[in-house]
Asker: 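Structure incoming, see below.
Hydrogens, waters and symmetry mates play no part in the numbers below; they use all other heavy atoms, side chains included. Bear in mind that the values here come from a model prediction, so they are computed numbers and not experimental data.
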Amino acid sequence: MSTSPFAVPRAPYAEDPAKSRGRRYQEDESRTRTPFARDRDRIIHTSAFRRLKEKTQVFVAHEGDQFRTRLTHSLEVAQIARSLATALGLDADLAETIALAHDLGHPPFGHAGEDELELKTKDFGGFDHNVQTFRVVTELEHRYPDFVGLNLTWETLEGVIKHNGPVIHKLGQPSWKAISKYDGEYGLKLDTWASAEAQVAALSDDIAYNNHDIDDGVEAGLFTLDELMDVPLIGPILAAVRSERPDLDARITRLEAVRRMIGAMVDDVMGETLQRAAITGVSSADEVRALPHALVSFSSDMLEDLARLREFLHARMYRHWRVNRTRSQARRILAEMFTLFLAEPEVLPSEWFAKSQNRDQAGRARVVCDYIAGMTDRFAIEEHRKLFHLDVWS
């Protein structure tokens with residue numbers, strides 16, 4: 001029998017689901033899934049995950065259904081993470097799980113929404129989407145009779161909160177109070193790097209959004225393919241596609257260039273990570289955590305090219321006047337709702353009004369923030385209309 005060319009040996013520093021540190025609340029193991037696969041399925045079945053379908057990446061959901069949302073972005077990140085983890089001999093279920101969970105705490109309207117909630121809650125504990133994601137999976141989702149949250153494995157929770165690196169330095173921030181409290185009860189080693197699988201999820205996020213922002217930016221008419229020709233990484237790839245296939249129309253040329261760019265970034269991560277693994281000699285998951293730097297990484301050349309690409313996207317896309325106008329509208333919507341709900345909690349839906357009772361102002365502000373953060377773009381727009389325009393009820 002021939003061996004599949006895709007059968008990559010398990011890396012010695014991969015997480016082993018059979019050796020998981022377990023869950024906060026004891027449960028019988030699944031007969032059909034590993035602990036990490038079970039975590040993945042729990043995330044997919046959450047209300048928070050479903051709501052990502054109408055939460056913004058860059059464009060607000062009502063601006064067109066061809067653009068990425070938080071849901072499609074999360075699926076793209078998960079696909080890249082699973083493929084990359086498999087190629088590196090890591091646990092693909094764990095990498096995919098962390099990728100699927102990483103944006104659960106984002107409020108409506110993308111970074112504009114996060115910025116506004118951070119501003120409105122600055123005197124009440126602040127807001128951070130990574131902390132909100134952690135609270136979603138440990139507190140806000142209530143689907144099981146014996147515990148709140150999803151009761152995910154230690155490895156998944158660790159990856160959710162520190163996939164971008166150690167976070168011990170953030171614990172002094174008011175918005176990280178929930179993490180500090182949870183860590184005190186169920187230590188997550190916040191002063192170390194996370195697993196290699198979590199690091200794969202983090203870089204898969206970078207790969208996905210850099211590529212789909214190019215795709216969406218051209219689709220939206222914010223810039224053209226010709227304007228990308230002098231941009232590092234995408235420019236040379238685009239030139240190669242045009243040279244090799246001059247018969248292709250602009251749309252297929254764009255999609256082919258993006259496809260190749262994803263491949264180039266994945267190959268770069270694989271090469272750099274394998275080199276670092278060889279140099280450091282890591283032989284266990286805990287040794288990955290103990291490293292003074294990330295194991296999974298882009299090369300220095302790729303990081304330089306990506307920095308220049310991000311400069312282009314910031315100038316031509318993220319700060320484009322059309323995007324700025326939407327950001328401004330979005331921030332006003334959230335600001336007005338937050339102020340009203342805090343002053344008049346009785347206009348909150350019954351469930352949320354009940355949660356707001358018998359709390360001090362900071363506690364009520366947190367309930368209001370949780371309610372708003374869980375909204376989709378479309379729901380936030382409609383809720384604002386109902387609150388501030390009587391004609392909606394006619």
Side-chain angles (χ1 to χ4, degrees), residues 24-25 42-43 45-55 70 101 103-109 113-114 116-152 157 160 174-182 184-186 330-390 392-393:
R24 188 172 185 181
Y25 304 101
R42 288 186 172 188
I43 287 165
H45 284 278
T46 61
S47 299
F49 187 75
R50 290 195 298 275
R51 287 195 295 266
L52 295 179
K53 69 185 170 118
E54 286 191 356
K55 288 195 177 188
R70 290 281 173 198
D103 269 356
L104 291 178
H106 266 289
F109 308 129
E114 181 173 9
E116 191 58 39
L117 286 184
E118 184 177 354
L119 177 65
K120 301 302 287 187
T121 60
K122 66 179 181 179
D123 295 326
F124 308 115
F127 179 82
D128 181 288
H129 79 266
N130 286 318
V131 174
Q132 192 71 5
T133 294
F134 192 87
R135 291 184 62 238
V136 165
V137 300
T138 60
E139 176 185 350
L140 298 179
E141 283 283 340
H142 192 180
R143 309 179 63 82
Y144 303 94
D146 297 326
F147 49 80
V148 296
L150 305 182
N151 199 31
L152 303 176
L157 290 178
V160 165
S175 60
W176 281 70
K177 182 179 179 181
I179 305 302
S180 182
K181 181 177 183 298
Y182 197 95
E185 301 170 353
Y186 190 66
R331 292 191 66 157
R332 287 197 301 275
I333 287 173
L334 296 195
E336 290 174 359
M337 284 199 297
F338 187 94
T339 299
L340 177 64
F341 288 143
L342 189 60
E344 303 178 35
E346 63 272 15
V347 303
L348 284 164
S350 299
E351 175 189 354
W352 292 93
F353 172 69
K355 290 180 180 180
S356 73
Q357 297 304 285
N358 302 315
R359 294 173 180 256
D360 59 15
Q361 191 175 32
R364 289 195 302 275
R366 184 56 51 196
V367 171
V368 170
C369 183
D370 287 343
Y371 177 53
I372 293 175
M375 294 179 179
T376 64
D377 294 7
R378 194 179 305 276
F379 182 85
I381 292 168
E382 289 301 316
E383 186 79 334
H384 183 267
R385 285 176 179 166
K386 291 176 182 178
L387 289 165
F388 291 95
H389 300 280
L390 288 174
V392 172
W393 296 100

Asker: How close do Phe109 and Asp377 get, counting heavy atoms only, and between which atoms?
Answerer: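 Closest pair (atom of Phe109, atom of Asp377, distance): N-OD1, 2.9 Å.
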
Asker: With a 4.5 Å limit on heavy-atom distance, are the side chains of Ile372 and Leu117 in contact?
Answerer: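 They are in contact (side-chain heavy atoms under 4.5 Å apart), so the answer is yes.
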
Asker: Looking only at heavy atoms, what is the nearest atom pair of Leu140 and Gln132, with distance?
Answerer: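 Taking every non-hydrogen atom into account, CD1-NE2, 3.6 Å.
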
Asker: Find the distance between CD1 (Ile381) and CE (Met337) and round it off to the nearest 0.5 Å.
Answerer: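 So the gap between those two atoms works out to 9.5 Å.
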
Asker: Yes or no on side chain to side chain contact (heavy atoms under 4.5 Å, CB included) for Arg42 and Val137, after CA distance, side-chain angles and deciding distance?
Answerer: CA-CA 9 Å; Arg42 288 186 172 188; Val137 300; over 6 Å; no

Asker: Does some side-chain heavy atom of Tyr144 sit less than 4.5 Å from a side-chain heavy atom of Asn151?
Answerer: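 With C-beta onward as the side chain, the pair stays apart.
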
Asker: Crowded around Asn358 CG? As in, over 12 foreign heavy atoms under 6.0 Å?
Answerer: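 Counting other residues, nucleotides and ligands, CG of Asn358 stays at 12 neighbours or fewer.
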
Asker: Check for a donor-acceptor pair, side chain of Arg143 on one end and backbone N or O of His45 on the other, with a separation under 3.5 Å.
Answerer: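 Confirmed, Arg143 side chain pairs with His45 backbone.
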
Asker: Between Arg135 and Asp370, is there a salt bridge with N-O shorter than 4.0 Å?
Answerer: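 Result for this pair is yes, salt bridge flagged.
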
Asker: Check Gln357 against Phe353 and note the closest heavy-atom contact, atom names and distance.
Answerer: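 So the minimum-distance heavy-atom pair works out to NE2-CE1, 3.1 Å.
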
Asker: Hey, what do you get for CG (Leu157) to OH (Tyr182), rounding to the nearest 0.5 Å?
Answerer: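 Result: 5.0 Å between the selected atoms.
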
Asker: Give me the atom names and distance for the closest heavy-atom approach of Ser175 to Asp128.
Answerer: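 Shortest heavy-atom contact: OG-CB, 3.9 Å.
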
Asker: Could you check if a side-chain atom of Pro107 sits within less than 4.5 angstrom of a side-chain atom of Phe127, using non-hydrogen atoms only?
Answerer: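 A side-chain contact exists here, since the closest heavy-atom pair is under 4.5 Å.
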
Asker: State which residue, out of Thr376, Leu104, Asp103, fulfils the side chain to side chain contact (heavy atoms under 4.5 Å, CB included) condition with Arg70.
Answerer: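 Testing Arg70 for a side chain to side chain contact (heavy atoms under 4.5 Å, CB included) against Thr376, Leu104, Asp103 leaves exactly one candidate, Asp103.
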
Asker: For His129, does its backbone N or O pair with a side-chain atom of Glu114 as donor and acceptor, under 3.5 Å?
Answerer: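 Present.
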
Asker: Do you know the tightest heavy-atom contact between Leu342 and Pro345?
Answerer: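 Result for this residue pair: O-CD, 3.8 Å.
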
Asker: Would Lys386 and Glu383 pass as an ion pair if we require N to O under 4.0 Å?
Answerer: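 Not counted as a salt bridge, because no side-chain N and carboxylate O are separated by less than 4.0 Å.
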
Asker: Tell me whether Ser180 contacts the main-chain N or O of Lys177 through its side chain, where contact means a donor paired with an acceptor under 3.5 Å.
Answerer: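 Side chain of Ser180 to backbone of Lys177, a donor-acceptor pair under 3.5 Å: no, none is there.
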
Asker: Are Arg51 and Phe379 in a cation-pi contact, defined as NZ or CZ under 6.0 Å from the six-membered ring centre and within 45° of the axis?
Answerer: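 No, a cation-pi geometry is absent between Arg51 and Phe379.
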
Asker: To the nearest 0.5 Å, what is the distance between CG (Asn130) and CD1 (Ile179)?
Answerer: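 CD1 of Ile179 is found 8.5 Å from CG of Asn130.
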
Asker: For the side chain of Arg366 and the backbone of Gly126, is there at least one donor-acceptor N/O pair under 3.5 Å apart?
Answerer: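 Judged by distance alone, yes, a pair lies under 3.5 Å.
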
Asker: How many angstroms lie between CZ in Phe338 and CG in Leu119, if you round to the nearest 0.5 Å?
Answerer: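 Between atom CZ of Phe338 and atom CG of Leu119 there are 9.5 Å.
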
Asker: To the nearest 0.5 Å, how far apart are CZ in Phe147 and CZ in Arg24?
Answerer: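 Atom-to-atom, Phe147:CZ and Arg24:CZ are 12.0 Å apart.
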
Asker: Checking Arg364 side chain against Arg359 main chain: does a donor-acceptor pair fall under 3.5 Å?
Answerer: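 Yes.
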
Asker: Is it true that Arg332 and Glu336 make a salt bridge, defined as a side-chain N closer than 4.0 Å to a carboxylate O?
Answerer: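 Result for this pair is no, no salt bridge flagged.
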
Asker: One pair to check against side chain to side chain contact (heavy atoms under 4.5 Å, CB included): Glu116 and Ile333. What are the steps and the verdict?
Answerer: CA-CA 10 Å; Glu116 191 58 39; Ile333 287 173; over 6 Å; no

Asker: Start with the C-alpha distance between Val368 and Trp352, add both sets of side-chain angles, then the distance that settles side chain to side chain contact (heavy atoms under 4.5 Å, CB included), and finish with yes or no.
Answerer: CA-CA 8 Å; Val368 170; Trp352 292 93; over 6 Å; no

Asker: Hey, could you give me the NE2/CD distance between His389 and Glu382, rounded to the nearest 0.5 Å?
Answerer: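 It comes to 10.5 Å.
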
Asker: Can you see which heavy atom on Leu334 is nearest to which on Ala380, and at what distance?
Answerer: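 Where Leu334 meets Ala380 most closely, the heavy atoms are CD2-CB, 4.4 Å.
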
Asker: Does the side chain to side chain contact (heavy atoms under 4.5 Å, CB included) test come out yes or no for Leu348 and Tyr371, once each step is laid out?
Answerer: CA-CA 9 Å; Leu348 284 164; Tyr371 177 53; 3.6 Å; yes

